[in-house]
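For reference, the structure is listed below as structure tokens.
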Amino acid sequence: MKYSYKGMNIEIYESYDELSNKAAQIIAAQVILKPKSVLGLATGSTPERMYKYLVEMHSNLKLDFENITTFNLDEYLGITENNVQSYAYYMNQHLFNHININRDNINIPKGIVNDINGFCHQYDEKIASLGKIDLQVLGIGTNGHIGFNEPDVFFEAGTHLVKLDEGTIVANSRFFSSIDEVPKEAISIGIRNIMQSKKVILLASGKNKEEAVWEMIFGQVTPNLPASILQVHNDVTILLDKESGSKVKIELDKL
Ligand code: F6R
């Protein structure tokens with residue numbers, strides 16, 4: 001089902017597989033229409049299948065990433081890119097090792113960095129030097145975070161150091177052998193970076209995302225639920241499966 005609400009496109013699919021396929025198709029269309037696109041990429045469980053589809057499109061349909069530039073949203077602080085828990089490792093494993101992207105065009109915040117503020121500034125400058133992100137892919141935390149922009153009293157503008165919420169640490173501990181191993185801090189691009197992207201797609205799957213998705217679409221625009229800012233982005237598509245979309249569907253069907 002496809003809906004439009006306050007300018008947001010909301011698509012609810014039967015399954016995680018279908019939403020992942022649709023997300024991959026949107027990215028493929030972007031890459032084909034603009035071979036020098038700048039893509040903003042997310043990690044986490046949700047986009048895994050989308051990356052699998054993109055890898056298949058590269059090998060079966062010759063989807064060409066040679067001139068694509070990517071910026072990842074975030075990285076844990078204190079771990080190297082060779083650490084299996086790092087988002088750099090994740091991106092290599094799920095996408096970059098399997099496509100023809102030029103390694104020089106891959107940008108991921110550094111997990112080990114001396115001058116954090118300097119690094120954040122450089123990351124923002126590099127995005128700005130390429131114009132704007134053409135297509136930003138997002139997931140959403142159960143607390144409504146996007147990137148690692150956690151609930152706060154203001155919207156952080158640019159790339160910044162984040163203290164992860166207890167809930168995020170608990171949620172992400174499923175990837176680590178114990179909760180104590182989950183880094184407590186991360187570097188994340190900011191809300192301005194996300195809002196300046198020309199187009200945003202946000203993917204959410206599973207019952208545990210249902211409340212955050214509802215708040216993002218129907219709640220107040222507030223830094224306490226960072227994803228709610230997308231209500232005022234002018235080109236956002238929200239891809240849901242029926243579990244994450246069940247509560248919003250009830251509301252949308254009444255409109
Ligand atoms: C990941 C990121 C996060 C995740 C969010 C959902 O780069 O920025 O905002 O998108 O935590 O994670 P999953 O998909 O694992 O539920």
Side-chain angles (χ1 to χ4, degrees), residues 16-17 19-20 23-24 27 39-52 70-77 79 81 83-96 106-111 120 123 127 133 135-152 155-156 158-176 182-191 193-195 197 200-213 215-216 223 225-230 236-241 243-245:
Y16 168 64
D17 189 66
L19 90 84
S20 305
I27 296 174
L39 302 180
L41 298 178
T43 58
S45 309
T46 315
E48 281 183 15
R49 186 82 55 92
M50 174 193 84
Y51 290 132
K52 180 175 161 281
T70 61
F71 285 90
N72 264 80
L73 284 167
D74 41 21
E75 180 60 283
Y76 289 121
L77 201 67
I79 58 179
E81 57 191 48
N83 187 314
V84 294
Q85 309 294 359
S86 75
Y87 286 166
Y89 191 95
Y90 170 107
M91 288 308 302
N92 283 330
Q93 190 193 15
H94 291 287
L95 186 67
F96 298 146
I106 295 172
N107 299 281
I108 303 179
K110 293 222 173 307
C120 291
Y123 205 70
I127 297 174
I133 291 174
L135 174 60
Q136 175 66 59
V137 180
L138 297 173
I140 182 170
T142 51
N143 62 1
H145 73 211
I146 45 177
F148 270 143
N149 292 276
E150 299 283 33
D152 207 334
F155 289 114
E156 281 274 5
T159 304
H160 59 288
L161 175 68
V162 176
K163 195 176 167 317
L164 296 174
D165 267 16
E166 202 47 46
T168 301
I169 293 171
V170 171
N172 289 4
S173 64
R174 69 191 192 281
F175 299 113
F176 293 79
V182 186
K184 309 287 177 285
E185 292 176 311
I187 290 180
S188 175
I189 74 168
I191 295 295
N193 304 112
I194 292 172
M195 291 302 283
S197 308
V200 173
I201 59 172
L202 183 143
L203 287 59
S205 165
K207 196 79 184 156
N208 64 334
K209 299 289 171 71
E210 182 185 43
E211 286 298 328
V213 165
E215 288 290 341
M216 163 176 68
L225 194 114
S228 62
I229 192 78
L230 297 175
V236 58
T237 298
I238 296 166
L239 302 171
L240 307 172
D241 60 8
E243 286 78 22
S244 61

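Both counts, for ligands and for their atoms, begin at 1 and track the order of listing. All values below were derived from every heavy atom in this structure, side-chain atoms included, with hydrogens, water molecules and symmetry-related copies excluded. Positions are given from 1 along the sequence.
Within ligand 1, the atoms closer than 4.0 Å to a non-hydrogen atom of K209 are 6 (C), 13 (P), 16 (O), numbered from 1 in the order shown. Against a heavy-atom cut-off of under 4.0 Å, R174 is close to the following atoms of ligand 1: 13 (P), 15 (O), 16 (O). Residue L73 has at least one heavy-atom neighbour below 4.0 Å for each of these atoms of ligand 1: 8 (O).
Nearest approach of S188 to F148, heavy atoms of both residues: OG-N, 2.9 Å. Summarising the geometry of Y87 relative to E75, their closest heavy-atom pair is N-OE1, 2.9 Å, with the distance given to 0.1 Å. Here the shortest heavy-atom pairing between Y123 and P109 reads OH-CD, 3.2 Å. Listed here is the closest heavy atom pair of S228 and E215: CB-O, 4.4 Å. Here the closest non-hydrogen pair linking V200 and I194 is CG2-O, 4.1 Å. The minimum heavy-atom distance between P226 and N149, with the atom names listed, is CG-O, 3.1 Å.
Using modelled atom types, one finds no donor on one side chain facing an acceptor on the other under 3.5 Å when comparing S205 with R49.
Closest heavy-atom approach to atom 1 (C) of ligand 1 within the set I140, N72, L164, T43: this belongs to T43. For atom 7 (O) of ligand 1, the choice among D74, L138, L202 with the nearest heavy atom turns out to be D74. Selection from G44, A42, G147 by nearest heavy atom to atom 3 (C) of ligand 1 gives G147.
The N/O atoms of Y87, backbone and side chain alike, include none that comes under 3.5 Å of an N/O atom in ligand 1.
Residue N72 forms a side-chain contact (heavy atoms from CB on, under 4.5 Å) with just one option from V137, L41, I189, and that option is L41.
Nearest non-hydrogen protein atom to atom 5 (C) of ligand 1 is H145 NE2, 3.4 Å. Looking at atom 14 (O) of ligand 1, its nearest protein heavy atom turns out to be T46 OG1, 2.4 Å. From the protein, the heavy atom lying nearest to atom 10 (O) of ligand 1 is G139 CA, 3.3 Å.
Heavy atoms of E48 stay at 4.0 angstrom or farther from ligand 1.
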